[in-house]
A.B. asks: 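Structure in C-alpha cells, see below.
Model, not experiment: these values are computed from the prediction.
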Amino acid sequence: MMTRKLILIILCALVSMGSMAQKSKSKVKEYDSYNYRRALEYAQEGEFEKALESLKQDAAEHPKSGYPYVYMTVIQKHLDQTGEALESAQKALQLLPKKDASMRGTAHAARAEVYLALEDTVKALEDYTQAIALSPDEEDYLKDRGQLYFELKDYDHSDNDYRRITEVSPGSIMGYMGLGRNANMREQWQEAADYFSQAMKLDSEYSSAYSFRAVSYRGMKKYAEAMDDIIKALEMDGDGKAFYELQRFDSLATPTVKSKLKLQMMKKSNEYLWPYALAIIEEKDDNYAAAAGYYIKANDLEPSAQLYSYIANCYSEIGDKDNALHYIDKGLELDSTYSSLTILKMYTVLEQGDHEQALALANSLFDEEDPSSFSSFNFYTRAHCYRTIGEYEKAVDDYTMAIADDDTEAYSYFGRARTYELMGKNDLAKADFRKVVELDSIDGGYKYRMYALQALGDNRQAVACLDSLFKEKNDNGNNYEATCLYSLMGEKDKALDYLEIALKKGYRDFPHMVVDTDLDNIRETPRYKQLVEEYKAIMATELASSSDGTSTVGGTTGKVTEVPFTRDGGVCKVKCQINGLPLHFVFDTGASDVSISQVEANFMLKNGYLGASDVMGKQRYLDANGNVSEGTVVNLKNVNFGGLDLNNVRASVVKNQKAPLLLGQSVLGRLGKIEIDNAERVLRIRQ
C-alpha cells in the first residue's frame with residue numbers, strides 16, 4: 001500500500017520535485033503490485049536504475065495502467081534520459097483515469113520538468129497550467145509556474161501565482177518570498193522589503209528572507225540595515241546568497257560593510273566566518289595584502305586547504321611568490337589531494353623557471369585509480385605547462401584531450417591556437433581562434449574572445465570586447481588585460497598607459513610579467529623598464545617590515561622570535577603560559593594536537609585557569625602506543641609561547657596522569673616558520 005508520505009519522501013529524494021506529490025489517496029490505494037512497491041523501495045534507497053527496471057516490469061504486467069509511467073518519468077528525468085522521460089509522461093497521461101485529477105496533475109507537472117530540460121518553456125507553461133487547473137490549490141504547482149514566469153521576466157503573471165499561494169497556504173512563506181523577489185526586480189524596494197518582512201514573521205529562521213531583504217535595503221541605500229540582514233543570514237547558516245550579496249555593495253557602502261564585519265569579528269572572535277567575510281571584501285577591492293591577513297585569521301580558527309589556497313593566491317597577486325609557496329605547501333601538508341593547491345604551485349614554480357618541478361606537479365594531477373582526474377581542466381593545466389617549456393607537440397596533444405573531454409570551453413581552443421601559432425601552423429590556429437569567438441560570451445568575460453579576434457585581425461571588435469570588460473569592472477586586472485591586448489596590436493603607447501594604470505591600481509605580479517609573451521612588443525621600451533623598476537620599489541616598501549618588525553602584508557615575513565629550549569631525556573622543552581599559568585611543554589613537531597594530562601587539567605579547573613564553559617566535549621585520539629582512547633576536549637583561551645599569543649586553542653585532556661604537555665602542529669602551524677638551532681639551543685620563529 002502506497003501512502004502520500006511515502007511518495008513525498010521518494011520524489012523529494014529523486015529530484016526535489018515537491019510539485020510531484022501525489023494527492024489522491026484513494027486511487028493510489030486501488031493500484032498496487034509487487035514490482036510497483038519494489039520500485040519505490042529501490043528509489044528510497046537511491047538505487048534508481050533498479051527502480052526503473054521494476055517500473056518497466058510493472059508496466060509490462062499492467063499495460064493499461066498509467067501509474068508506473070508517472071514515476072518512470074521522474075526517474076528517467078533524474079537519470080538524464082530525457083527522451084524516454086517524455087515518452088513515459090505521454091504514456092501516463094494517455095492511460096491515467098480521467099477522474100484521478102490529482103495524479104494527472106502530477107503527470108503534467110512531471111512532463112513540465114521534462115520540457116524545461118528540453119528548454120521548451122512554452123510547453124512547460126502549458127503543462128503547469130494544466131496541473132493547476134486539475135489541482136487549483138496545490139502550492140507547489142503555483143510555485144513552480146511562478147518561478148518559470150520569473151525566469152521569463154513575466155513578473156505580472158508570476159505575481160498572480162505567488163499571490164494565490166498566500167491565499168491557499170497563508171502560513172507558507174513562499175508566496176511572500178516570490179512577491180518580494182519580483183518587486184526587487186522592478187526596483188520597488190520598499191514594497192519588496194515589506195514582503196520579506198512578512199515572510200520573516202512566518203518563519204524567522206529562514207535565512208534567505210534576510211538575504212533578499214538586504215537587496216531591498218541596498219537598493220534604498222540603507223547600507224547599515226542591509227548589512228544587519230546580511231550578518232543575520234550569515235549567522236544562521238553561512239547563507240550562500242548572503243555571501244553573493246555581500247560582494248555587490250557599491251563603493252559608497254564599503255566603510256559601513258567593513259565596520260559592521262569588523263565589529264562582528266570583535267564580538268565573536270572564535271568564529272572564522274567574520275575574518276573570512278572581510279577577506280572576501282578586501283579581495284573584491286583588490287586589497288590583496290589585507291585580504292591575506294584576514295584569510296590567515298580565518299584559517300587560524302578553522303584551518304582548511306581551501307583557505308590556504310586563498311591566502312596563497314592573495315600573496316601571488318601582490319607578487320610575493322615566496323609567501324605564496326609557503327602557504328601552498330602548508331595547505332598541501334594539510335590535504336595533499338587538494339588539486340587547486342597543486343595547480344597553483346605548478347603555475348608559481350613555472351613562472352619562477354623551475355620547469356622540472358612544474359611538470360612533475362602537472363603530472364601528479366593524474367591518478368590512474370581515479371577516472372575523474374582525467375578531466376578537461378587537468379589536461380588543459382598540463383598543456384599550459386608543456387607550452388611554456390616549449391614542448392609544443394605534447395601541449396597540442398593535451399589541449400586536444402581537454403577538448404575531447406569538454407568541447408564547450410573556449411580556453412582549451414585558445415591555448416591550442418596559441419600553440420599552433422608558435423609551431424607556425426597558422427591555418428589550424430585560425431580555425432581554433434574562430435571556435436573561441438563562437439564559444440566565448442559575456443558570461444565568460446569576453447577575455448579569450450577579444451584575444452582571438454585580435455589574432456584574426458579584427459581589432460575593432462577586440463576593443464569592443466575590452467570595453468565590455470571595463471563596464472563590468474575597471475580594476476587592475478582588466479587594465480593589465482588592456483595592456484596585453486594593445487601590446488599585441490602594436491599600439492605601444494596605449495599599452496604602456498594601461499600598464500601604468502594597472503600598476504597604480506595595485507597590479508604587482510612581476511614574475512608573471514616576465515614570462516607573459518603578450519608584453520614582448522613593449523618589454524624593451526624605456527618606459528616599460530622605468531615603470532617596472534618604480535613599482536618594484538613601491539612593492540618592496542609595501543612588503544617591508546613596519547616599525548615593530550612585523551610584516552605589513554599578513555605577518556609571515558618579518559618578525560623573528562628566538563625562544564630558548566632545554567634538553568631533558570632526549571626531548572626538547574620550552575617554557576609557556578596557558579591562561580596565565582606558567583608551564584613547560586614538550587616541543588613535538590610530530591604531534592598533531594595539543595594535549596595536557598588529567599593532573600594539569602584538574603589543577604587548572606580547581607584554581608580558575610579553566611572554567612566549566614571551556615569544556616567542549618569528548619573526542620577519540622591515537623596515543624603513542626597505537627591505542628585509541630577517549631579524551632576530554634577543552635578550549636585554552638590563551639597560549640603564550642616565547643611572547644607570542646595564540647587565542648582559543650583546542651586541547652585534549654588525556655587520562656594518563658604522567659602524560660607531558662605536548663604542543664603539536666595545531667599550535668605550531670599558527671606560529672609561522674620554525675627553525676631549530678641545536679647549537680644555540682633556541683627555536684627561531686618567523687611570523
A.B. asks: For L439 and D407, which heavy atoms make the closest approach, and how far apart are they?
C.D. replies: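 The answer is CD1-O, 3.7 Å.
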A.B. asks: Show me the pairs that pass salt bridge (Lys or Arg N to Asp or Glu O under 4.0 Å) and involve residues 359-383, at least two apart or across chains.
C.D. replies: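 Qualifying pairs, neighbours excluded: R382-D398.
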A.B. asks: Quick check: do L519 and C484 have side-chain heavy atoms less than 4.5 Å from each other?
C.D. replies: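 Yes, side chains in contact.
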A.B. asks: Would you kindly say whether Q352 and Q357 are connected by a side-chain donor-acceptor distance under 3.5 Å?
C.D. replies: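 On atom types as modelled, these side chains do not qualify, holding no pair under 3.5 Å.
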A.B. asks: Partners of K258 by side-chain hydrogen bond (donor to acceptor under 3.5 Å, both in side chains), sequence neighbours excluded?
C.D. replies: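 Residues passing side-chain hydrogen bond (donor to acceptor under 3.5 Å, both in side chains) with K258: E282.
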A.B. asks: Which atoms form the tightest heavy-atom contact between A277 and L246, and what is the distance?
C.D. replies: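 So the two residues come closest at CB-CD2, 3.8 Å.
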A.B. asks: Show me the pairs that pass ring-ring contact (aromatic ring centres under 6.0 Å, His included) and involve residues 333-365, at least two apart or across chains.
C.D. replies: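 As it turns out, the ring-ring contact (aromatic ring centres under 6.0 Å, His included) pairs with a partner in residues 333-365, which skip direct neighbours, are Y347-H384.
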A.B. asks: Would you say K284 has more than 12 foreign heavy atoms packed within less than 6.0 Å of its NZ?
C.D. replies: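 Counting neighbours around NZ of K284, more than 12 heavy atoms of other residues, nucleotides or ligands fall under 6.0 Å, so yes.
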A.B. asks: Can E235 and K232 be counted as an ion pair, charged N to O under 4.0 angstrom?
C.D. replies: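 No, E235 and K232 are not salt-bridged.
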A.B. asks: What is the distance from atom CE of M227 to atom CG of D229, rounded to the nearest 0.5 Å?
C.D. replies: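 Nearest 0.5 Å value for the CE-CG distance: 10.0 Å.
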A.B. asks: For S364 versus T342, what's the shortest heavy-atom pair and its separation?
C.D. replies: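 Minimum heavy-atom contact is OG-CG2, 3.6 Å.
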A.B. asks: Compute whether any side-chain donor of one residue and acceptor of the other, for D286 and Y288, lie under 3.5 angstrom apart.
C.D. replies: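 Indeed, the side chains of D286 and Y288 share at least one donor-acceptor pair under 3.5 Å.
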A.B. asks: I'd like to know whether NZ of K297 has more than 12 heavy-atom contacts from other residues, nucleotides or ligands below 6.0 angstrom.
C.D. replies: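 Atom NZ in K297 is not packed in, count stays at 12 or less.
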A.B. asks: Could you report the tightest heavy-atom contact between C385 and A362, atom names first, then the distance?
C.D. replies: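 Nearest pair, atom of C385 first, then A362: CB-CB, 4.4 Å.
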A.B. asks: Among all residues two or more places apart in sequence or in another chain, which pass the side-chain hydrogen bond (donor to acceptor under 3.5 Å, both in side chains) test with N479?
C.D. replies: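 Here the qualifying residues are N474.
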A.B. asks: Do I343 and N378 touch side chain to side chain, with heavy atoms closer than 4.5 Å?
C.D. replies: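 Counting from C-beta outward, I343 and N378 do come under 4.5 Å.
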A.B. asks: Would the number of heavy atoms belonging to other residues, nucleotides or ligands and lying under 6.0 Å from NZ of K473 be above 12?
C.D. replies: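 Counting neighbours around NZ of K473, more than 12 heavy atoms of other residues, nucleotides or ligands fall under 6.0 Å, so yes.
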A.B. asks: From D228 CG over to T256 OG1, what is the distance, rounded to the nearest 0.5 angstrom?
C.D. replies: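 Rounded to the nearest 0.5 Å, the CG-OG1 separation comes to 10.0 Å.
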A.B. asks: For K536, what residues pass the salt bridge (Lys or Arg N to Asp or Glu O under 4.0 Å) criterion, not counting sequence neighbours?
C.D. replies: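 Here no residue qualifies.
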A.B. asks: Rounded to the nearest 0.5 Å, how far apart are NZ of K321 and CD of E351?
C.D. replies: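 Answer rounded to 0.5 Å: 4.5 Å.
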A.B. asks: Quick check on side chain to side chain contact (heavy atoms under 4.5 Å, CB included): which of N476, L531, I538, T483 does L503 satisfy it with?
C.D. replies: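 Exactly one pass, corresponding to L531.
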A.B. asks: Any side-chain heavy atom of F374 within less than 4.5 Å of one from D405?
C.D. replies: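 When only atoms from C-beta onward are counted, D405 and F374 do not touch, as no gap falls below 4.5 Å.
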A.B. asks: Compute both the distance and the angle, then confirm whether R508 meets the cation-pi test with Y535: under 6.0 Å from the six-membered ring centre, within 45 degrees of the axis.
C.D. replies: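 Output no; distance or angle outside limits.
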A.B. asks: Are D518 and R418 side-chain neighbours, meaning at least one heavy-atom pair lies under 4.5 Å?
C.D. replies: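 In contact.
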A.B. asks: Within this structure, what is the CG-NE2 distance for the pair D320 and H326, rounded to the nearest 0.5 Å?
C.D. replies: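 It comes to 10.5 Å.
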A.B. asks: Would you name the heavy atoms of Y413 and I403 that are closest together and state the gap between them?
C.D. replies: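 Looks like OH-CG2, 3.3 Å.
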A.B. asks: If you measure from CG on L234 to OG on S207, what distance do you get to the nearest 0.5 Å?
C.D. replies: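 Answer for the CG-OG pair, L234 versus S207, is 9.0 Å.
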A.B. asks: Hey, could you give me the OG1/CG distance between T348 and L361, rounded to the nearest 0.5 Å?
C.D. replies: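 With rounding to 0.5 Å, OG1 (T348) is 9.5 Å from CG (L361).
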A.B. asks: Do V349 and L325 make a side-chain contact, defined as non-hydrogen atoms from C-beta onward lying under 4.5 Å apart?
C.D. replies: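 Yes, at least one pair of side-chain atoms sits under 4.5 Å.
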A.B. asks: May I ask you to check whether Y276 and F243 place their ring centers less than 6.0 Å from one another?
C.D. replies: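 Yes, the ring centres sit under 6.0 Å apart.
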A.B. asks: Mind listing the closest non-hydrogen atom pair of A292 and C314 along with its distance?
C.D. replies: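 Looks like CB-CB, 3.8 Å.
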A.B. asks: Please tell me whether D516 and Y480 have a donor and an acceptor in their side chains that are separated by less than 3.5 angstrom.
C.D. replies: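 Side chains of D516 and Y480: pair found under 3.5 Å.
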A.B. asks: Under the side-chain hydrogen bond (donor to acceptor under 3.5 Å, both in side chains) test, which residues partner Y223, sequence neighbours left out?
C.D. replies: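 With sequence neighbours excluded, Y223 shows a side-chain hydrogen bond (donor to acceptor under 3.5 Å, both in side chains) to D250, given in chain and number order.
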A.B. asks: Among F366, Y411, Y399, Y386, which one satisfies ring pair (Phe, Tyr, Trp, His ring centres under 6.0 Å) with F379?
C.D. replies: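 Among the candidates, only F366 passes.
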A.B. asks: Between E283 and Y295, do the side chains contain a donor N or O and an acceptor N or O under 3.5 Å apart?
C.D. replies: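 On atom types as modelled, these side chains qualify, holding a pair under 3.5 Å.
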A.B. asks: If the threshold is 4.0 Å, N to carboxylate O, is there a salt bridge linking K505 and D475?
C.D. replies: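 No, no charged N to carboxylate O under 4.0 Å.
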A.B. asks: Can you confirm whether the side chains of Y451 and E481 place a donor and an acceptor under 3.5 Å from each other?
C.D. replies: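 Indeed, the side chains of Y451 and E481 share at least one donor-acceptor pair under 3.5 Å.
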